[in-house]
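Here's the structure, in structure tokens; my notes come after.
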Number of protein chains: 4
Amino acid sequence: MHSAVPARKRRKEARPSELLSAALTLFVEKGYAATRLEDVANLAGVSKGTLYLYYANKEALFKAVIQEGIVPVIVENEEIAARHTGSSFSLLEKLLDHWWNRIGCTAYAGIPKLMVAEAQNFPEIAAYYYANVIARARALVGAALQRGMESGEFHRHDIELTIDVVIAPVLMLLIWEFSLGQFQNTATNPRDYLAVHMKLLQQGLCVARV
Amino acid sequence: MHSAVPARKRRKEARPSELLSAALTLFVEKGYAATRLEDVANLAGVSKGTLYLYYANKEALFKAVIQEGIVPVIVENEEIAARHTGSSFSLLEKLLDHWWNRIGCTAYAGIPKLMVAEAQNFPEIAAYYYANVIARARALVGAALQRGMESGEFHRHDIELTIDVVIAPVLMLLIWEFSLGQFQNTATNPRDYLAVHMKLLQQGLCVARV
Amino acid sequence: MHSAVPARKRRKEARPSELLSAALTLFVEKGYAATRLEDVANLAGVSKGTLYLYYANKEALFKAVIQEGIVPVIVENEEIAARHTGSSFSLLEKLLDHWWNRIGCTAYAGIPKLMVAEAQNFPEIAAYYYANVIARARALVGAALQRGMESGEFHRHDIELTIDVVIAPVLMLLIWEFSLGQFQNTATNPRDYLAVHMKLLQQGLCVARV
Amino acid sequence: MHSAVPARKRRKEARPSELLSAALTLFVEKGYAATRLEDVANLAGVSKGTLYLYYANKEALFKAVIQEGIVPVIVENEEIAARHTGSSFSLLEKLLDHWWNRIGCTAYAGIPKLMVAEAQNFPEIAAYYYANVIARARALVGAALQRGMESGEFHRHDIELTIDVVIAPVLMLLIWEFSLGQFQNTATNPRDYLAVHMKLLQQGLCVARV
DNA sequence: TATGAATGAGTATTCATTCAT
DNA sequence: AATGAATGAATACTCATTCAT
């Protein structure tokens, strides 16, 4: 009678994030359609019915998974950029670093792959994601590039295209990790990969100081 | 070898590729799970039952879609590399160019995104794809990089990581086009994007000739 | 018997009838199956759990709704008949009048339609309703008809069938009001309808006094 | 190998009416909500999936059940009225007779009770039923009454209310039969019931010919 | 070969009921 | 007594697959 684990735990506060975490895991692992809500509930340690107390349906759960977690990091990076004073290249490094610590090495790392896989099926959510994550990240990088080109720190290139080249490998890293990367026998070390990316970027972008 | 093959026969032999083409379209557009075989059959202009005369089941159709089309291009690129004589950078350009003409601007362009989205659900197919497409493409790029570094044309970097940095933007371009790229209001021009990619690559990789 | 009963206590005793009233409203409006107990509880201003303190389950609540309310009116009509002294037709008028005042123009008016709709699903309750409402009402009307025929006031007809003809329009009125009557653009006035019913009945039943 | 009953019978033509008939039976017996589509399918001798080949969903099946069967009878009665030449009362008799033969003693007899029970849950269908069955039946009876009153055959009464009094017992008979009538130990004989109804109607309506 | 009617396993969702607080 | 979080049985509906024609 002491601390017998109660069959029915009451934890209204904690439920949403437990469910979201379980849903993220399974959505990333199996994709939206192949994820059974009962499995999500079980992984979160509750029954099917309980899930519906917190999320109206599967799509609502999916939306919550996407909206949660990444947007705050963009906000933080916007603040980092606003406060930055050093070289433009070091700003790019800071932004990348923050993204990695808050997304890349956390459970949220699977979201980009999930969003890419399901974009066509959830245009509304994809549009939201594009506007609130992608577009804002691009604006941040674009501003840093602009600043660097104006100060003579960077070579001049088309800004939009350069943004793509800067961001793509970072996104690709995460997408890869949750898809075909699993079949690579020698897994790439993400930190090394990013280091090389930055190194090449530096050589490609920065005007050599003779 | 005459061209007097009866229309009916020709039709019959064309069926698989009509089905494959329809399946590719829908798999890319909706994902594996959300694609209904009846829709595939209708798009190919046959009945549901007919599809089963050619492919044992949905998974077999998916395998065929993936296996078809891309592997031959890798073979062609291997031949291009074997015959190549100029600079290592120009080899990279040739390989990219061929890939673009045979995949990037064709219906097969959607396969990378499809494979990324479904890799976890079809480990066997993903492994096949990894071994026959990814690994071989990496080997080609790796050999070109190795050659360039040995000849002094390229800076020395870790080969594996550099391969990632070379390939990632190319893959990303296609993945993007079939996912979140749809929500970008100013669509990136793929050729411009690739040109910038190569330009940065050149600046990052190549030793400056004073 | 003081009126100093504490508010809380009074509230508690009122619960069952508040629940019954809410249940009657919703059962009549939506039918048994489509009525959610949570809605009943909410309409009664209590929580779902509280409902179960008073009624063991949905069926028990349904039984209580049916048993409550109508049986007492039959008892009252039996007393009216016992005390009656005038013409047999005026007794029929009195019985109808009482029924109308105690059922027809109250919230209980919906019960006949509800009982008709659910009779097959709840044979036990339907049998109870038949025995305690229908059969006793028929006996009352039958006795009045018998008396009138014996006294020469009414034409002679088969009693049982005549009972049907007398009662049917009255029941129909209520059933209609809670079903298809809602779609009639010119709603029938119930009092006028009953007046015509009685008029025709008089003409059909009563021997003309030349 | 001779006439082994095929597990899968192909009978596209016959299916809809078989399904409709099974659905009518169960909807009338259990009500809309309590009827399981699998039971409907089984009663029709097919599987769940087959039902969906013919009706998009439960509601569509319900609609089809209601729309089927009764409307044609109204049309027939309209033709009977148009061709009629004798007394107005004999027209009423003809209309009733036809209704009884085509609805009252067939499987469609359960529809009025079904419609009454579900009217609130399917306002759209109820409105359709009201417009195409009830309103047209009332118009027919109303015209007969009007004609009789104008010719001096009938007493003058308010037409609308008299329509109610004429129709109500006929509807009530069927509603009763499929609900509480089941609990009556001495089942009323429908034909006798209708005969008394007409008799009383005649006495109530018709001007005595001295 | 080709068809498309038929099947039934599988899943999202609802809601009566329970029970710890 | 009262609450409302949690449960899980039940059912509508989908769609890959089969098979008689």
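Here the structure is a predicted model, which means the values were calculated and not measured. Each chain gets a letter, A, B and so on, in the order the sequences are listed, and its residues count up from 1.
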Heavy-atom closest pair, residues B/Tyr32 and B/Glu118: N-OE2, 3.1 Å
Non-hydrogen atoms of C/Phe27 and C/Lys58 that approach each other most closely: CE2-CE, 4.2 Å
OP1 or OP2 of E/dA16 under 4.0 Å from side-chain N/O of C/Lys58: yes
Pairs involving residues 34-57 of chain D, ordered by first then second residue, that meet ring pair (Phe, Tyr, Trp, His ring centres under 6.0 Å) (sequence neighbours left out): none
Separation of F/dT14 P from B/Lys30 NZ (nearest whole Å): 15 Å
Side-chain N or O of D/Tyr54 closer than 4.0 Å to phosphate OP1/OP2 of E/dA6: yes
For D/Lys63, all residues meeting side-chain hydrogen bond (donor to acceptor under 3.5 Å, both in side chains), sequence neighbours excluded: D/Glu124
Check: C/Lys48 side chain, E/dT17 base, donor-acceptor under 3.5 Å: yes
Where B/Thr35 and B/Leu26 come nearest, the two heavy atoms and their spacing: OG1-O, 3.1 Å
Upstream residue (5' side of DNA chain F) when D/Thr35 and B/Thr35 are each assigned their closest nucleotide: D/Thr35
Nearest-Å distance for atom pair CZ/P, residues D/Phe62 and F/dA12: 14 Å
Rounded distance (Å) that lies between atom C1' of F/dG8 and atom CG of A/Leu37: 15 Å
Interatomic distance, B/Leu61 CG vs F/dT17 C1' [rounded to whole Å]: 14 Å
Secondary-structure notation, DNA chain E, from Watson-Crick and G-U pairs under 3.5 angstrom (| other strand): .||||||||||||||||||||
N/O (side chain, A/Thr50) to phosphate O (OP1/OP2, F/dA6) under 4.0 Å: no
Nucleotide F/dT11, atom P - distance to CG of D/Asn57 in whole Å: 18 Å
Separation of atom OH in D/Tyr52 from atom P in E/dG10, rounded to whole Å: 18 Å
Atom-to-atom span, CD of C/Glu59 to C1' of E/dC15 - whole angstrom: 16 Å
Nearest atoms (heavy-atom pairs only) where A/Asn121 meets B/Ala34: ND2-CB, 4.0 Å
Heavy-atom side-chain proximity of B/Tyr129 to B/Ile111 below 4.5 angstrom: yes
Residue C/Arg36, side-chain atoms from C-beta onward, closest of F/dA16, E/dT11, E/dA16: E/dA16
Rounded interatomic separation in angstrom, taking CG from C/Leu53 and C1' from E/dA20: 14 Å
Comparing A/Ala56 and D/Gly49 on DNA chain E - which has the more 5′ nearest nucleotide: D/Gly49
